Amino acid sequence: MTELVQQLINGLSLGSIYALIALGYTMVYGVLKLINFAHSEVFMMGSYFGFFTAVGLGIEHYESIGQTFPLYYAFVVLIAAMAGAALLGVTIELLAYRPLRNAPRLAPLITAIGVSLFLQNLATLIFTPNPRRYPAIIREVRYELGGVVVTNIKIAILVVAIALMAGLHLLVQKTWTGKAMRALSVNLDAARLMGVNTNRVISSTFAIGSALAAAGGILFGLDQLTIKPTMGVLTGLKAFVAAVLGGIGNIPGAAVGGLLIGVAEQLTAGYLSPDYRDAITFVILIGILLFKPEGLLGVVRPEKV
Amino acid sequence: MSIIRLERVEKIFGGLRAIGGVSFEVAPKQIFGLIGPNGAGKTTIFNVVTGVYQPDGGKVVFDGTDISGWSPARVAARGIARTFQNIRLFRAMTVRENVIVAGHKIHRANMLDAVLRNGRFDADERAFTDKADELLEIMGLRELADEEASSLPYGSQRRLEIARALMLEPKVLLLDEPAAGMNSSEADKLEDQIRFLRDELSLTIVLVEHNMSVVMSVCERIHVVDHGETIAEGPPSVVKADPKVLAAYLGEETPEAAIADLRAVHAAATSSPESSS
Amino acid sequence: MKWLLRAAVAAAIVGALWGLSYVLHEHVIEYVVRIAMLCGMNIILAVGLNLINGTTGQFSIGHAGFMAVGAYTTAYVCTQLAPEVAGVLGTGFLPDAVVFNVGLIAGAALAAATGVVVGVPSLRLKGDYLAIVTLGFGEIIRLLLTNAEFLGGATGFSGDNPTGLSPYTNVFWVFLWVVIVIVVIRNVTFSQTGRSLEAISEDEIAAEAMGTPTTRLKVVAFTLSAAAAGIAGGLFAHLQGSVRPDDFKFDRSIDMIVMIIVGGLGSITGAVIGGIFVGVTLELMRDLSEYRLVLYSLLLVIIMLVRPQGVLGKRELSFSRLFPKKAAKPARAAGDEKP
């Protein structure tokens with residue numbers, strides 16, 4: 001029983017990271033019907049942005065003298081990484097996707113793969129392929145409750161993720177930009193005809209999605225302790241599967257999907273074999289595509305003939 | 001004895017009843033019109049009949065077989081061919097290739113024959129070309145056989161869709177607004193072509209069309225739907241005079257007011273067939 | 001008569017390849033010959049992938065997985081079969097040829113079977129989903145191979161000899177299979193099957209309404225494409241002398257995509273050119289070491305931005321008249337009869 005609770009807690013914290021990344025996939029797919037392959041690399045870059053901001057703020061000094069990194073510095077790291085990733089996301093859209101808005105469907109998809117590879121190789125070149133230990137932005141404190149170990153980092157991950165998702169929900173439901181995003185996801189051309197500046201809304205979508213991925217990147221670093229330039233590949237894929245599982249284009253779906261994938265992965269690792277922790281994602285993907293391709297919360301939209 | 005029979009067919013889109021229990025029968029070799037105002041559910045009926053949509057209720061019987069819920073390819077192979085309201089040609093392929101794609105009845109050679117380029121493959125290719133050219137001749141497109149489909153003018157694209165559908169050697173042909181975008185002389189020619197298909201190829205033809213001049217002159221029986229419900233059926237002369245039909249088309253409060261409006265429209269329509277839309 | 005002529009052409013091709021192989025292996029430096037063989041494998045991969053990504057308009061980004069299946073199968077079958085055949089036929093050219101080609105065909109067959117397994121569930125779905133499923137599948141294959149102890153696990157498989165897999169792969173076999181793959185795929189492309197595949201890529205709903213069994217045909221195209229990748233994998237295995245799971249990473253699938261994009265989606269001649277281009281470019285860029293992949297991915301993005309339909313476009317190049325187009329466009333012949 002304690003074992004199960006432990007796995008569930010770990011799964012939820014991992015899953016909330018997937019959820020943060022999945023939101024970016026699902027939002028972009030919602031408005032552009034594009035699988036933004038480069039999103040996994042924005043997540044990776046966001047993690048590095050956080051890393052370098054923390055280093056710039058002198059975290060190595062704090063660590064060497066055994067002091068705690070100030071909490072407001074941790075927030076600075078988070079905000080800086082999110083801003084940097086937002087800028088990166090907007091730039092990618094502007095340079096690589098916008099020129100192809102009316103091209104055949106495969107063209108932006110291939111471009112997205114190209115951008116993803118480019119960023120990954122650029123990161124390998126600049127940051128070296130070696131894994132880096134992620135600085136302890138939050139110093140770990142362990143709590144034990146009846147055999148279940150919970151760290152403050154796991155709690156922080158859940159809190160930050162939930163706060164960001166709640167913020168996104170408010171933004172999408174209450175603000176003008178959010179309404180415009182929803183309008184675009186229903187019909188981009190109609191939204192344009194109604195006077196919505198679609199390019200600006202698309203840029204906002206990329207900015208928000210990328211910022212959330214960067215937050216995911218920092219939390220990932222805290223959770224997994226090391227980061228490397230290829231970290232985005234598998235994690236990004238899992239997050240994408242989470243988006244598909246929840247129903248691609250559906251924002252609450254991405255959150256639910258992320259949590260489910262995280263839990264499924266932890267349970268597989270704990271009860272079957274750690275070797276299969278990555279494979280379970282693909283099993284879920286194949287299963288969902290076979291039996292409910294519209295996803296758990298998605299709706300079937302009949303194609304207009 | 002009918003060749004197509006719809007029994008209380010229903011289709012619901014997310015709470016909206018697109019078709020709410022429509023029934024009608026089409027006799028073999030009949031030219032049957034399906035009309036109604038925009039959004040009445042005519043194309044949805046075609047989509048249910050051809051298997052693009054699954055019906056949410058009722059059934060579609062074709063030639064004694066219940067075909068409700070069949071896949072589009074199976075319905076097509078069974079003998080119901082169609083055209084599309086919003087023209088769906090294979091745009092980058094030539095006119096002839098567009099027609100040949102539907103040549104399943106001719107197709108004998110399998111993939112191994114194609115790889116070996118043997119006699120069976122050659123015979124197939126000759127038969128494809130001959131049949132396609134014959135159909136293009138009927139639809140007046142023989143000269144354009146080697147053009148890219150997307151380069152054709154609108155009216156020719158509509159006729160190419162018909163030629164392509166004929167390649168299936170169907171028993172029933174569903175035409176979705178074949179006269180849309182055609183000028184009046186093209187529309188007149190289309191009427192002749194539709195009659196030719198019925199007379200010479202023994203086809204049953206179901207026609208969705210907004211051009212009333214075409215509908216009234218070519219159809220032997222007309223079924224009128226509005227808001228997904230049947231409001232009238234009968235020969236053109238009867239349907240034309242039905243107050244409910246007039247009201248549906250003109251959106252008038254009372255049949256009397258509608259009739260008054262229609263007299264004016266009808267007078268105009270007989271002089272220029274394009275005026276109805 | 002027709003068949004006699006074809007037999008003569010086939011014999012001439014075999015003879016020419018034999019001569020070419022002899023000249024290259026005896027008189028040209030090994031490095032150049034190796035690049036030529038890699039280009040040949042690229043052609044097989046590109047022509048195969050083009051059938052599904054170009055002609056049919058679907059999108060597989062996991063073809064490295066099929067290549068892996070072919071490579072491991074060929075290597076394994078050849079290793080098992082060689083002693084048996086040697087017992088009957090002794091050693092020399094003939095037993096080697098038998099073993100290698102049986103191995104290649106087995107590799108193609110298993111890759112094709114894998115193609116069916118992956119294709120049946122995923123090809124019912126829209127293009128984007130297929131991309132993700134094939135990507136996931138490629139990773140699963142690598143995961144399975146890494147955990148398959150009888151195939152050497154992560155260190156890879158190199159047969160029973162300390163020198164590695166038998167070096168069966170030479171210019172003759174590579175280009176013989178290049179010819180076979182091109183002829184088969186070209187003949188399928190220019191037939192009713194090919195027209196239907198093109199129709200699917202143009203408008204799937206219309207194709208279905210015209211009675212085309214779309215899912216079945218997509219699976220057929222996917223399977224053929226997988227089989228071609230399998231053959232390339234088998235040739236690759238016996239060129240390298242060993243196969244490792246890391247030989248078939250996502251990068252390799254991307255290489256294949258670059259090939260058909262350079263060549264123009266939907267063009268067989270384009271795929272041939274793209275295969276050679278990538279083979280040579282990757283070799284030339286080797287000196288740039290770590291900048292290589294950055295430039296390579298940048299090239300991919302720029303090509304797409306400048307020419308989304310591929311560098312050479314969809315049309316076959318004019319020298320493709322080397323292949324008689326009679327059956328492909330009977331239209332022309334009939335049209336010419338007009339005065």
Side-chain angles (χ1 to χ4, degrees), chain A residues 29 33-35 37-38 92 95-100 102-126 128-129 230 233-234 237-238 240-241 243-244 248 273 275-276 278-279 281-291 293 303-305, chain C residues 53-54 57-59 61 117-118 120-122 124-133 135-140 142-144 146-147 201 204-206 208-209 249-251 253-254 257-258 260-261 265 289-310:
Chain A
Y29 194 90
K33 306 287 172 280
L34 165 76
I35 298 178
F37 272 93
I92 292 170
L95 295 181
Y97 302 155
R98 190 166 298 179
L100 293 173
N102 297 314
R105 232 173 119 76
L106 283 186
L109 196 64
I110 297 170
T111 312
I113 294 173
V115 172
S116 166
L117 279 179
F118 174 70
L119 289 175
Q120 194 185 321
N121 290 314
L122 194 69
T124 310
L125 196 64
I126 300 171
T128 78
T230 50
V233 180
L234 202 56
L237 199 58
K238 286 175 186 171
F240 177 78
V241 174
V244 174
I248 192 140
S273 153
D275 289 344
Y276 296 124
D278 297 334
T281 309
F282 299 114
V283 173
I284 291 175
L285 175 68
I286 309 268
I288 194 85
L289 290 180
L290 276 179
F291 299 111
E303 194 161 353
K304 185 114 177 81
V305 176
Chain C
N53 284 18
Q58 306 302 304
F59 200 58
I61 50 174
V117 172
V118 179
V120 167
S122 53
R124 293 183 310 152
L125 302 160
K126 291 239 190 71
D128 312 3
Y129 283 107
L130 179 64
I132 292 294
V133 173
L135 174 64
F137 149 76
E139 291 298 309
I140 289 177
R142 226 155 51 79
L143 214 69
L144 290 176
T146 312
N147 289 315
S201 102
E204 194 164 339
I205 287 177
E208 230 184 328
K249 289 210 282 201
F250 185 51
D251 310 24
S253 298
I254 297 299
I257 289 177
V258 174
I260 58 174
I261 284 169
L265 289 163
S289 59
E290 64 262 45
Y291 294 97
R292 170 170 155 242
L293 287 170
V294 178
L295 289 173
Y296 191 59
S297 44
L298 200 57
L299 178 77
L300 176 61
V301 174
I302 290 170
I303 291 176
M304 283 328 286
L305 289 177
V306 179
R307 276 187 72 81
Q309 70 276 45

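Just so we're clear, the structure is a prediction, and the values are computed from it rather than from any experiment. Order of the sequence lines fixes the chain letters, A, B, ..., with proteins taken first and strands second; residue numbering starts at 1 for each chain.
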What distance separates [X] [atom1] from [Y] [atom2], expressed to the nearest 0.5 Å?
X	Y	atom1	atom2	answer
C:Asp251	A:Leu117	CG	CG	7.0 Å
C:Ile61	A:Leu109	CD1	CG	6.5 Å
A:Asp278	C:Glu139	CG	CD	9.0 Å
C:Lys249	A:Thr230	NZ	OG1	8.0 Å

Residue pair [X] / [Y]: nearest heavy atoms and the distance that separates them:
X	Y	answer
C:Met304	A:Leu100	O-CD2, 3.6 Å
C:Val301	A:Val115	CG2-N, 3.5 Å
C:Ser297	A:Phe118	OG-CA, 3.1 Å

Proximal component of [X], with respect to chain C [non-hydrogen, under 4.5 Å]:
X	value
A:Ala279	both
A:Tyr276	neither
A:Phe37	side chain
A:Val233	neither
A:Leu95	backbone
A:Pro293	both
A:Leu122	both

So what's closer than 4.5 Å to chain A heavy atoms on [X]: side chain, backbone, both or neither?
X	answer
C:Ile257	side chain
C:Ile140	side chain
C:Leu295	neither
C:Leu135	side chain
C:Ile303	neither

Q | Residue pair C:Leu300 / A:Ile110, side-chain heavy-atom distance below 4.5 Å | A | yes
Q) Which of the residues C:Ala209, C:Gly136, C:Ser122 is involved in the greatest number of heavy-atom pairs with chain A at under 4.5 angstrom? A) C:Gly136
Q: Name the option with the most non-hydrogen atom pairs under 4.5 Å to chain A; the candidates are C:Thr146, C:Asn147, C:Val133.
A: C:Val133
Q: Could you walk me through whether A:Ile113 and C:Phe59 pass side chain to side chain contact (heavy atoms under 4.5 Å, CB included), step by step?
A: CA-CA 12 Å; A:Ile113 294 173; C:Phe59 200 58; 4.0 Å; yes
